[in-house]
Visitor: 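Here's a structure for you.
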Number of protein chains: 2
Amino acid sequence: MSRPTVTDIAKAAGVSLATVDRVLNARPGVRRQTIQRVNEAIERIGYVRDVTAANLARQRRYHFAFVLPEAPGEFVPLLRKALEEAAASSIIDRTDLTITSVPPNDPHVIVKTLQRLRADGIDGVAIFSPETPRLRDEIAHLKESGVAVVALISDLPNTNRDHFIGIDNIAAGRTAGVLMGRFLGGASGAILVLTSSMQGRANAERRLGFDTVMARQFPGIEVLPSLEGHDDPDTIRRVVSNALDRHGDLAGIYSLGTGNGVLINLLKERGRPDTLVVIAHELTHNTRRALEEGTLDAVINQNVGHIARSALRVLRAKTDDIDILSAQEHIRIEIVLRENLY
Amino acid sequence: MSRPTVTDIAKAAGVSLATVDRVLNARPGVRRQTIQRVNEAIERIGYVRDVTAANLARQRRYHFAFVLPEAPGEFVPLLRKALEEAAASSIIDRTDLTITSVPPNDPHVIVKTLQRLRADGIDGVAIFSPETPRLRDEIAHLKESGVAVVALISDLPNTNRDHFIGIDNIAAGRTAGVLMGRFLGGASGAILVLTSSMQGRANAERRLGFDTVMARQFPGIEVLPSLEGHDDPDTIRRVVSNALDRHGDLAGIYSLGTGNGVLINLLKERGRPDTLVVIAHELTHNTRRALEEGTLDAVINQNVGHIARSALRVLRAKTDDIDILSAQEHIRIEIVLRENLY
DNA sequence: ATTGACATGAGGTACGTACCTCATTAACGT
DNA sequence: ACGTTAATGAGGTACGTACCTCATGTCAAT
């Protein structure tokens, strides 16, 4: 007893195949009561459309575009690589993928890119960008044109994007905070927070979560004002060096944006005290090696492979107007130590 | 510029469609040099088989069976639920799923079940069971019959199963150990380890990893001999109560198997010191609530949803003799705190 | 009664692949 | 030269769905 087909619906509803087809694909020319009769038959026999066969018949190809910032650091290239890997696998069946790099923090170029994609008749876009008024407007246009839109890594909450694929950065900050506090184990001292100008929202949220936890659960620890690295290696090196010199009682370092490479090198050059707790975000070549060597104590990670595959699945589901399996699409806040480094 | 099809291969290789088909599906009756010519054409024009169309034409249905133990605790039911959820989604397209419960630790019944499945012409089985000689033999038979076999949760390393879907339990134990040691923050004291008879191998491995880390990195902490709960609520309650009474200097509890429900209740009844660190395995209703309430400090988890979907994907890939995306199928050792509880 | 609008049916082709049958050709041994 | 066997071609049907055309039926407005 295999799955019922359209023919079975026709038999069950006492109509022809053509009518079933009209109902299924919302084509005009069917009386309301007939539509209902067909739908009842569908319910009754438990018909589920064979999406793969439908796509075959439809000659359906999905055109998706990813708009990624040309941001410094290893994270975006890793995400890009994960996308290309997913594209090589069967997940991407019948879909064409465009990956566009745009200068970060340039709303004009991002909007222009999206406009071009919309003109090209794209089916869905995944956008990794801070939210700006012009981007908001363009997303509204995209949605009006029937384009599926998902926000990637950094949410665009005041737009009507279909979905956000990424982590809750406040919770990520809280997680980092708890780890910091507990790893310090009652020790007192100051904590250096290293931030970067990229992805202002995400960084601010992480900082917020971190501060909340530190203030509430670990009042004995002083969290210093953020150090701005401005994504520039030399600047990062200088400000971190200064801070390390100035604070003899440094208990921990929380790096919540880019600039981990410089930080790690600096710690290795200067030698780091055993008791110092260093926590960073995103598992990359640098941070992975640093975990292995003990330069980093923990990394808060969002799995780029999962994000890439999830984005593709969600875009496809949204263009087909199909439900997503929300448990599968939830991006987890991963805590990575040397011991569960995979 | 759509994808090349079999017809394009035929044209490019200068052979008929029938020959292309024979080559593609490894049917007999083609000269070696012709096979080569066709394969070259495939290479040249970059043909990739349209798996969905192939499956449609093939009328392929996958018959997979999951053999799960009727084990105590919440974990197996959660896994079962995850399987049923995956089955309701499109992942399961064209596949029939059988979930069989067997009494744990009864090799006879497990083998009988597998034999029956083999006789029924199953395409693949996922087995969650300890390894026994008779199971080993039956897996060899299954493989000979062309059945795909994956080990679930607990590996069957001395068999020729196609794949293991689960975590590295030694690493999981190490992870728990490091968390325990660092959360204790230099405090000294004794650690209670609560084990269960189920899944002997997994528990032993976790214990091994835990002990290794404690001995090497936290020599000031004494790890007590395992307490056996024998999966019996009353026994667990009794032995844990005794231990709590006896050890006034208890610093931490590591529960590496089932019995978390009883443990959590006991801790709540007796009141738990703030400094006590309690770490358990598997995120369930009980442990989730305990994390929220602060009764547990951390949970080491393997994601049942991921495991279920991965098992289905791997079984399908193995029966089709297709490569798997190993990054996607890697089951991570998740560290779950209250802050990154999803 | 005629017209037209709408609803429905009948039957087809297509998507890309699998798999079947039958006919034809080439290569071989005797 | 003959039969035998292996290799190949030609042409079909099928999978489940989409989408097209054309014919026919029904009903209400004129």
Side-chain angles (χ1 to χ4, degrees), chain A residues 1-42 45-62 90 92-96 319-322, chain B residues 1-39 41-42 45-62 90 92-96 123 319-322:
Chain A
M1 37 150 273
S2 57
R3 265 167 48 165
T5 72
V6 277
T7 317
D8 298 323
I9 304 178
K11 272 187 214 140
V15 298
S16 77
L17 254 173
T19 301
V20 174
D21 179 66
R22 290 181 185 112
V23 173
L24 279 178
N25 297 293
R27 276 186 258 277
V30 188
R31 269 181 305 170
R32 206 170 312 152
Q33 48 171 316
T34 311
I35 295 182
Q36 205 178 343
R37 196 143 49 93
V38 172
N39 282 329
E40 275 164 12
I42 290 176
I45 66 176
Y47 169 83
V48 181
R49 194 200 228 103
D50 184 325
V51 187
T52 61
N55 284 340
L56 180 61
R58 233 185 222 128
Q59 276 281 75
R60 184 87 168 90
R61 291 201 62 87
Y62 302 87
S90 62
I92 201 80
D93 231 35
R94 292 176 194 289
T95 104
D96 298 324
T319 56
D320 286 345
D321 202 21
I322 282 180
Chain B
M1 234 0 278
S2 60
R3 265 167 48 165
T5 71
V6 278
T7 318
D8 299 321
I9 303 178
K11 275 187 210 138
V15 297
S16 76
L17 254 172
T19 301
V20 173
D21 179 67
R22 290 181 185 113
V23 172
L24 279 177
N25 297 293
R27 276 185 258 276
V30 189
R31 269 183 306 169
R32 206 170 309 151
Q33 47 172 316
T34 310
I35 295 182
Q36 207 178 340
R37 196 143 50 93
V38 172
N39 282 328
I42 291 176
I45 66 175
Y47 168 84
V48 180
R49 195 201 228 101
D50 184 326
V51 188
T52 58
N55 283 340
L56 180 61
R58 238 187 217 123
Q59 274 282 76
R60 185 81 167 93
R61 290 201 64 86
Y62 302 85
S90 62
I92 201 80
D93 231 34
R94 296 176 193 291
T95 104
D96 299 323
D123 296 307
T319 56
D320 285 347
D321 203 20
I322 282 179

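Note that this is a predicted model, so its numbers are computed, not measured. Every chain is numbered from 1, with letters handed out A, B, ... down the list of sequences. Below, all heavy atoms of this structure are taken into account, side chains as well, without hydrogens, waters or symmetry copies.
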Visitor: State the CD-CZ distance between Q36(B) and R31(B), to the nearest 0.5 angstrom.
Guide: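 Reported value, rounded in 0.5 Å steps: 12.0 Å.
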
Visitor: What bend angle does the helix from dA1(C)-dT30(D) to dT30(C)-dA1(D) show across its length, from five-pair end axes and to the nearest 10 degrees?
Guide: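 Comparing the axis at each end, I get an angle of 40°.
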
Visitor: Closer to the 5' end of DNA chain C via nearest nucleotide, is it R31(B) or V48(B)?
Guide: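 Closest to the 5' end, via its nearest nucleotide, is V48(B).
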
Visitor: Can you tell me how far C1' of dC15(C) sits from CG of N55(A), to the nearest Å?
Guide: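 Computing the N55(A):CG to dC15(C):C1' distance gives 11 Å.
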
Visitor: Between dC6(C) atom C1' and Q33(A) atom CD, what is the distance in whole Å?
Guide: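 Computing the Q33(A):CD to dC6(C):C1' distance gives 13 Å.
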
Visitor: Calculate, to the nearest 0.5 Å, the distance between atoms CZ and CG belonging to R37(B) and N39(B) respectively.
Guide: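 Going from CZ on R37(B) over to CG on N39(B), the span is 11.5 Å.
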
Visitor: Walk me through it: do V30(A) and T19(A) pass the test side chain to side chain contact (heavy atoms under 4.5 Å, CB included)?
Guide: CA-CA 7 Å; V30(A) 188; T19(A) 301; 4.1 Å; yes

Visitor: Just how far, in rounded Å, is P of dT17(C) from CD1 of I9(B)?
Guide: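 Distance, rounded to whole Å: 7 Å.
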
Visitor: So for R22(A) and dG9(C), does any side-chain atom that can act as donor or acceptor lie under 3.5 Å from a complementary atom in the base?
Guide: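 When only heavy-atom distances are counted, R22(A) does reach the base of dG9(C) through a donor-acceptor pair under 3.5 Å.
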
Visitor: I want to verify a distance call: between dG16(D), dA18(D), dA10(D), whose nearest atom is closest to the A18(B) side chain?
Guide: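 For the A18(B) side chain, the nearest candidate turns out to be dA10(D).
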
Visitor: For the side chain of A57(A), starting at C-beta, report the closest nucleotide among dG9(C), dT17(C), dC15(C).
Guide: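 Nearest to the side chain of A57(A) among the choices is dC15(C).
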
Visitor: Report the distance from atom CG of D8(B) to atom P of dG16(C), rounded to the nearest whole Å.
Guide: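 To the nearest whole Å, that distance equals 9 Å.
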
Visitor: V6(A) has a side chain; which of dC15(C), dC19(C), dT17(D) sits nearest to it?
Guide: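 Taking heavy atoms from C-beta onward, the closest nucleotide is dT17(D).
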
Visitor: How long is the line joining CG of L56(A) and C1' of dC15(D), in whole Å?
Guide: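 Going from L56(A) (CG) to dC15(D) (C1'), I get 9 Å.
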
Visitor: Salt bridge check, D320(B) against R49(B): does any charged N sit closer than 4.0 Å to a carboxylate O?
Guide: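 Salt bridge: no.
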
Visitor: Please check the phosphate of dG9(C) (OP1 and OP2 only) for any side-chain N or O of S16(A) closer than 4.0 Å.
Guide: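 For S16(A), the contact criterion (side-chain N or O under 4.0 Å from OP1 or OP2 of dG9(C)) is met.
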
Visitor: Between V23(B) and T34(B), does a side chain to side chain contact (heavy atoms under 4.5 Å, CB included) hold up when you go through it step by step?
Guide: CA-CA 9 Å; V23(B) 172; T34(B) 310; 5.7 Å; no

Visitor: Using only side-chain N and O atoms of Q59(B), determine if any of them is under 4.0 Å from OP1 or OP2 of dG16(D).
Guide: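 The answer is yes; a side-chain N or O of Q59(B) sits under 4.0 Å from OP1 or OP2.
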
Visitor: Please report, rounded to the nearest Å, how far the P atom of dC15(D) is from the CZ atom of R61(B).
Guide: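 It is 14 Å, rounded to the nearest whole Å.
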
Visitor: Base, sugar-phosphate or nothing for V15(B)? Non-hydrogen atoms, less than 4.0 Å.
Guide: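 Result for V15(B) = sugar-phosphate.
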
Visitor: What nucleic acid atoms does D50(B) come within less than 4.0 Å of, heavy atoms only: base, sugar-phosphate, or nothing?
Guide: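 The residue D50(B) makes sugar-phosphate contact but no base contact.
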
Visitor: List the steps, then state whether side chain to side chain contact (heavy atoms under 4.5 Å, CB included) holds for L56(B) with T52(A).
Guide: CA-CA 8 Å; L56(B) 180 61; T52(A) 61; 5.6 Å; no

Visitor: As a test of reading the structure: which of dG9(D), dG9(C), dC19(C) is closest to the side chain of R27(B), going by heavy atoms?
Guide: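 Output: dC19(C).
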
Visitor: Just the rounded figure in Å: distance from P of dT17(D) to CZ of R3(A).
Guide: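 One finds 7 Å between P of dT17(D) and CZ of R3(A), rounded.
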
Visitor: Can you measure from CG (D50(B)) to CG (N55(B)) and round to the nearest 0.5 angstrom?
Guide: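 D50(B) atom CG to N55(B) atom CG measures 9.0 Å (nearest 0.5 Å).
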
Visitor: Where each residue is assigned the nucleotide of DNA chain D containing its nearest heavy atom, which of N25(A) and T19(B) is assigned the position nearer the 5′ end?
Guide: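 Residue closer to the 5' terminus by nearest nucleotide: T19(B).
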
Visitor: Taking for each residue the nucleotide of DNA chain D bearing the nearest heavy atom, is the 5' side occupied by R58(B) or by L17(B)?
Guide: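 Taking each residue's closest nucleotide, the earlier one in sequence belongs to L17(B).
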
Visitor: Under 4.0 angstrom, heavy atoms only, what part of the nucleic acid is T34(B) near: base, sugar-phosphate, or nothing?
Guide: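 Since only primed, P, OP1 and OP2 atoms lie under 4.0 Å of T34(B), the category is sugar-phosphate.
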
Visitor: Whole Å only: how far is the CD1 atom of I35(B) from the C1' atom of dA6(D)?
Guide: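 Answer to the nearest Å: 13 Å.
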
Visitor: What's the closest nucleotide to the side chain of V30(B) if the choices are dG16(D), dT8(D), dC19(D)?
Guide: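 The listed nucleotide nearest to V30(B)'s side chain is dT8(D).
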
Visitor: Would you mind telling me which of V20(B), D8(B), V6(B) makes a side chain to side chain contact (heavy atoms under 4.5 Å, CB included) with Y47(B)?
Guide: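 In the set V20(B), D8(B), V6(B), the residue that makes a side chain to side chain contact (heavy atoms under 4.5 Å, CB included) with Y47(B) is V6(B).
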
